[in-house]
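Heads up: the structure comes next, in structure tokens.
Basis for what follows: all heavy atoms, side chains included, without hydrogens, waters or symmetry-related copies.
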Amino acid sequence: SRWEEEKKEDGVKWMQLEHRGPYFVPLYEPLPEDVQFYYDGKPLKLSLATEEIATFYAKMLDHEYTTKEIFQNNFFHDWRKEMTSEEQEIIKDLDKCDFREIHKYFVDKNEARKALPKEEKQKLKEEADKIQEEYGYCILDGHREKIGNFKTEPPGLFRGRGEHPKMGMLKKRIMPEDVVINCSRDSKIPEPPEGHKWKEVRFDNTVTWLASWTENIQNTLKYIMLNPSSKLKGEKDWQKYEVARRLKDVVHTIRAQYRKDWKSKELKKRQRAVALYFIDKLALRAGNEKEEGETADTVGCCSLRVEHIQLHPQLDGQEHVVEFDFLGKDSIRYYNKVSVEKPVFKNLQLFMKNKDPTEDLFDQLSTTFLNKHLQHLMDGLTAKVFRTYNASITLQEQLKALTNPEDNVAGKLLSYNRANRAVAILCNHQRSIPKTFAKSMQVLQEKIDAKKKQVEEAQEEVKKAEDEFKDTQDAKAEDNVEKKKKLLKRLEEQLAKLNIQATDKEENKQIALGTSKLNYLDPRISVAWCKKFGIPIERIYNKTQREKFAWAIDMAGEDFEF
DNA sequence: GCGTGCGACTCAGAAAGTTATCG
DNA sequence: GCGATAACTTTCTGAGTCGCACG
């Protein structure tokens with residue numbers, strides 16, 4: 001297929017890479033003289049560095065998390081470290097700090113920017129476009145490719161997800177001296193900003209990143225990489241789905257194997273087999289171990305603790321029910337009650353016996369051990385492949401089951417969304433209910449009611465016209481009947497469309513469809529579905545998505561099978 | 001060997017920004 | 001046709017997975 005002709009040596013990702021380096025966010029601009037910080041009720045002029053950090057906090061005053069003790073303590077600790085000794089002498093209590101004037105200054109500034117005249121906004125946009133044009137692209141093997149994130153992250157206060165122990169810590173400004181540049185030896189090497197140097201320039205074509213730096217909160221690397229529309233990323237994406245398709249061929253064998261292993265004499269094997277069952281059936285993530293105290297307390301399959309499940313021999317008329325309740329990736333809650341096969345239930349009872357709630361459910365198991373086993377079952381198989389496989393196969397099955405060829409485009413799109421939704425539910429992709437949800441739902445309902453009324457009126461009009469025609473039998477009255485019927489039909493269609501909209505909206509209020517669409521669903525399934533039912537591809541993929549999935553749009557015919 | 005830390009990559013939802021829609 | 005608002009899109013950057021080097 002399309003990429004096979006230019007196979008590279010193992011591990012080599014490119015032959016040529018040229019770019020401008022990262023775009024550095026603007027330096028701090030001091031506050032105007034009349035915007036003041038107050039300590040213990042009295043104005044206090046801060047040093048530049050101290051003031052900058054104060055503005056980070058001031059900007060966040062509206063956020064609920066600035067009220068959290070951990071956030072405040074982390075912030076105050078890091079802030080004090082950057083103060084002059086004089087400032088340290090004075091500023092000893094965060095409660096005596098008054099950032100409100102600074103806060104107001106930024107709120108006003110924001111509004112002023114929004115209220116700018118059209119021409120001014122246009123000018124700003126052109127400036128942004130120019131930066132994008134200059135820094136937003138690279139040359140990779142002769143092709144101009146879009147970069148995903150070409151700007152350094154601005155300094156600020158760290159806010160992790162959930163109950164993160166490091167929330168409020170100071171995220172430092174990235175300087176050229178922190179940045180490692182990666183490009184090809186013979187390319188035009190990016191110039192560091194005036195008066196600065198790069199930390200390092202290297203020429204490593206076994207990696208895909210263009211620049212990297214170490215962030216100071218978790219002490220981990222951050223990268224500048226290509227946009228999903230790039231050939232490099234697209235090829236990788238395609239590979240991912242090909243691995244998942246290979247799993248389809250062997251999944252039955254693997255399922256038979258883990259069923260057998262439920263009865264293994266080795267406890268470790270049993271744990272692996274039960275964990276794999278969860279990963280397969282419930283699309284759980286692998287669940288690597290994490291360093292305690294460094295991140296929020298979240299788990300995946302292998303790191304589940306006894307406290308995260310409850311066993312019910314009987315529940316709501318079902319047998320062997322496992323009740324899951326834990327925080328997964330991004331501290332999103334996973335709550336599910338699942339009826340499992342009896343040996344699984346018995347094994348879980350065994351694994352939980354004589355354990356504290358805080359102990360590991362699968363105490364013998366690690367993701368490394370699990371993945372070694374999977375690798376042995378199929379080349380390239382890891383825990384996450386099950387998520388991709390089950391997501392994609394579910395979409396395909398749901399589309400088959402839900403699409404009614406008789407439906408109009410809106411009806412078919414509802415079916416598509418429902419199939420997509422089934423996957424999002426499987427993968428537990430949630431979002432917070434939009435703030436305006438209740439209100440906009442009410443508005444929609446009112447529209448529906450109004451439309452219903454119109455339909456009823458139109459029905460009566462039709463009847464009246466028909467009666468008149470019966471009486472008069474003249475051509476004009478006949479025309480009128482047709483006219484009224486046409487109107488009725490149009491109104492009925494509008495009503496149906498509104499009802500579909502309302503259904504879709506309600507079903508979707510807490511479900512995030514984007515993640516599965518972008519990362520788990522083989523796009524060729526969707527492309528094939530569109531072709532088969534004559535749905536324009538633009539109706540399911542926007543411009544960005546079409547760019548990312550160009551390979552699939554190119555490749556898949558209407559008879560593509562995952 | 002083998003566990004452990006780290007590097008490189010994918011995946012994640014919130015928030016900001018832009019466009020479409022509606023009265 | 002205009003302004004408010006909702007819907008959609010883009011940006012942002014944190015949080016996972018997983019392989020491998022290293023001691």
Side-chain angles (χ1 to χ4, degrees), chain A residues 11 13 25 62-63 110 113-114 121 124-125 128 132 136 148-154 156 158-162 164 166-167 171 180 182 204 206-209 212 214-215 217-228 232-233 236-237 239-240 284-291 294-296 298-303 327-332 366-372 374-375 380-385 387-388 391 424 427-432 434-437 439-441 443-444 446-447 450 501 504-505 508 510-520 541-545 547:
Chain A
K13 305 287 165 57
V25 293
D62 286 335
H63 279 282
N110 230 335
R113 191 175 49 85
K114 275 184 204 157
K121 278 186 180 168
L124 288 173
K125 186 154 186 297
Q132 164 81 40
N149 57 320
F150 60 89
K151 291 176 181 166
T152 60
E153 292 171 17
F158 177 82
R159 172 63 177 126
R161 313 264 180 154
H164 198 115
K166 298 196 172 187
M167 65 170 88
K171 205 173 108 167
V180 179
N182 192 35
D204 183 355
T206 69
V207 296
T208 66
W209 52 268
S212 70
T214 302
E215 56 86 37
I217 303 286
Q218 320 262 15
N219 207 241
T220 58
L221 284 159
K222 294 256 184 184
Y223 301 95
I224 289 184
M225 286 185 188
L226 292 182
N227 186 271
L232 195 71
K233 292 281 190 191
K236 199 78 192 301
D237 209 32
Q239 266 179 32
K240 175 180 79 182
L284 299 190
R285 296 185 185 83
N288 286 307
E289 316 81 304
K290 323 203 302 179
E291 213 174 329
E294 294 292 302
T295 59
T298 63
V299 297
C301 186
C302 293
S303 50
L327 297 182
K329 182 176 179 178
D330 289 331
S331 293
I332 300 289
S366 71
T367 52
T368 309
F369 180 67
L370 177 65
N371 279 332
K372 283 253 169 67
L374 294 176
Q375 179 59 45
L381 186 61
T382 63
K384 79 196 269 284
V385 178
R387 251 168 103 78
T388 312
C427 293
N428 199 40
H429 291 142
Q430 297 188 34
R431 60 169 182 176
S432 46
K435 283 185 201 82
T436 55
F437 183 84
K439 201 181 140 222
S440 71
M441 200 67 205
V443 168
L444 187 56
E446 279 162 13
K447 249 193 249 173
Q501 232 181 67
D504 206 32
K505 200 183 170 98
N508 221 26
Q510 215 167 346
I511 312 286
L513 298 183
T515 301
S516 51
K517 202 172 185 179
L518 242 46
N519 301 300
Y520 287 102
Y541 290 142
N542 66 33
K543 186 165 153 281
T544 314
Q545 294 164 340
E547 281 167 10

* Looking for any heavy atom pair under 4.0 Å, which part of the strands does A:Ile332 touch: base, sugar-phosphate only, or nothing? -> sugar-phosphate
* Asked: What is the distance, rounded to the nearest whole Å, between atom CD of A:Gln218 and atom C1' of C:dG16?
  -> 12 Å
* Reckon A:Gln430 touches a base, only the sugar-phosphate, or nothing at all at heavy-atom distances under 4.0 Å? -> sugar-phosphate
* Report which part of the nucleic acid A:Gly287 touches: base, sugar-phosphate, or nothing (heavy-atom distance under 4.0 Å, all strands). => sugar-phosphate
* Asked: Quick one: does A:Lys151 reach the base of C:dC12 with a side-chain donor-acceptor pair under 3.5 Å?
  -> no
* To do: Please state how far atom OH in A:Tyr541 lies from atom P in C:dT9, giving the value in whole angstrom units.
  => 13 Å
* Can you check whether A:Gln375 reaches A:Lys372 side chain to side chain, under 4.5 Å on heavy atoms? -> no
* Asked: Which nucleotide, C:dG16, C:dT17, C:dA15, lies nearest any side-chain atom of A:Ala286?
  -> C:dT17
* Asked: Among the nucleotides C:dA15, B:dC9, B:dG13, which one has an atom lying closest to any side-chain atom of A:Ala512?
  -> B:dG13
* Round to the nearest Å and state the distance from A:Lys329 atom NZ to C:dC18 atom C1'. => 13 Å
* Drop me the distance from A:Cys427's SG to A:Arg387's CZ, to the nearest 0.5 angstrom. => 4.5 Å
* With respect to the side chain of A:Trp209, which nucleotide from B:dC9, C:dT13, C:dC18 is positioned closest? -> B:dC9
* Structure fact -> A:Lys240 atom NZ is separated from B:dC11 atom P, nearest whole Å, by 3 Å
* Asked: For the side chain of A:Lys171, counting heavy atoms from C-beta on, which of B:dA14, C:dT9, C:dT13 is nearest?
  -> C:dT13
* Asked: What integer distance in Å separates A:Lys543:NZ from B:dT18:C1'?
  -> 13 Å
* Using atom CG of A:Leu124 as one end and atom P of B:dG17 as the other, report the distance to the nearest whole Å. => 11 Å
* With a 3.5 angstrom cut-off on both distances, give the Watson-Crick or G-U wobble partner of C:dG1, or none if there isn't one. => none
* Structure fact -> Taking for A:Arg161 and for A:Thr208 the nucleotide of DNA chain B with the nearest heavy atom, the one nearer the 5' end belongs to A:Thr208
* To do: Select base, sugar-phosphate, or nothing to describe what A:Ser432 touches, counting heavy atoms under 4.0 Å on all strands.
  => sugar-phosphate
* Determine the minimum heavy-atom distance between A:Ala391 and A:Tyr520, stating which atoms define it. => CB-CB, 3.6 Å
* To do: Using only heavy-atom distances, decide whether a donor-acceptor pair under 3.5 angstrom links the side-chain of A:Arg159 to the base of C:dG14.
  => no
* Could you tell me whether A:Ala383 contacts a base, only the sugar-phosphate backbone, or nothing, with contacts defined as non-hydrogen atoms closer than 4.0 Å? => sugar-phosphate
* Interatomic spacing from CH2 in A:Trp209 to CG in A:Asp204 - rounded to 0.5 Å -> 7.0 Å
* To do: Give a yes/no answer on whether the side chain of A:Thr382 brings an N or O atom under 4.0 Å of OP1 or OP2 in C:dC18.
  => yes
* To do: With heavy atoms under 4.0 Å as the rule, sort A:Thr298 into base, sugar-phosphate or nothing.
  => sugar-phosphate
* Asked: Going through the distances and angles, do A:Thr208 and A:Leu226 end up as a side-chain contact (heavy atoms from CB on, under 4.5 Å)?
  -> CA-CA 8 Å; A:Thr208 66; A:Leu226 292 182; over 6 Å; no
* To do: Looking only at side-chain atoms of A:Lys222, point me to the closest of B:dA8, C:dC18, C:dT13.
  => C:dT13
* Which part of the nucleic acid, if any, lies within contact of A:Pro228, taking any heavy atom under 4.0 Å across all strands shown: a base, the sugar-phosphate backbone alone, or nothing? -> nothing
* Asked: Expressed in angstrom and rounded to an integer, what is the separation of A:Gln239 atom CD from B:dT10 atom P?
  -> 10 Å
* Asked: Is the shortest side-chain N/O distance from A:His164 to OP1 or OP2 of C:dA15 below 4.0 Å?
  -> yes
* Asked: At their closest point, which heavy atom of A:Asn371 faces which heavy atom of A:Ala383, and how far apart are they?
  -> OD1-N, 2.9 Å
* Just call it for A:Gly328: base, sugar-phosphate, or nothing, with non-hydrogen atoms closer than 4.0 Å on any strand. => sugar-phosphate
* Can you figure out which of C:dT13, B:dC9, B:dC11 approaches the side chain of A:Thr515 most closely? => B:dC11
* To do: Just call it for A:Asn288: base, sugar-phosphate, or nothing, with non-hydrogen atoms closer than 4.0 Å on any strand.
  => base
* To do: Could you tell me the separation between the NZ atom of A:Lys290 and the P atom of C:dT17, rounded to a whole number of Å?
  => 9 Å
* Of all the choices, C:dG14, B:dC9, C:dT9, which nucleotide is nearest to the side chain of A:Phe158 once you look at every atom? -> C:dG14
* Which of the following nucleotides, B:dA12, C:dT9, C:dA15, is nearest to the side chain of A:Tyr520? -> B:dA12
* Let me know, please, whether A:Tyr223 or A:Asp330 comes out on the 5' side of the other along DNA chain B by nearest nucleotide. => A:Tyr223
* Structure fact -> Checking B:dA8, C:dG16, B:dA14 against the side chain of A:Arg285 (C-beta onward), the nearest is C:dG16
* Min side-chain heavy-atom separation A:Lys222-A:Thr152 under 4.5 Å -> no
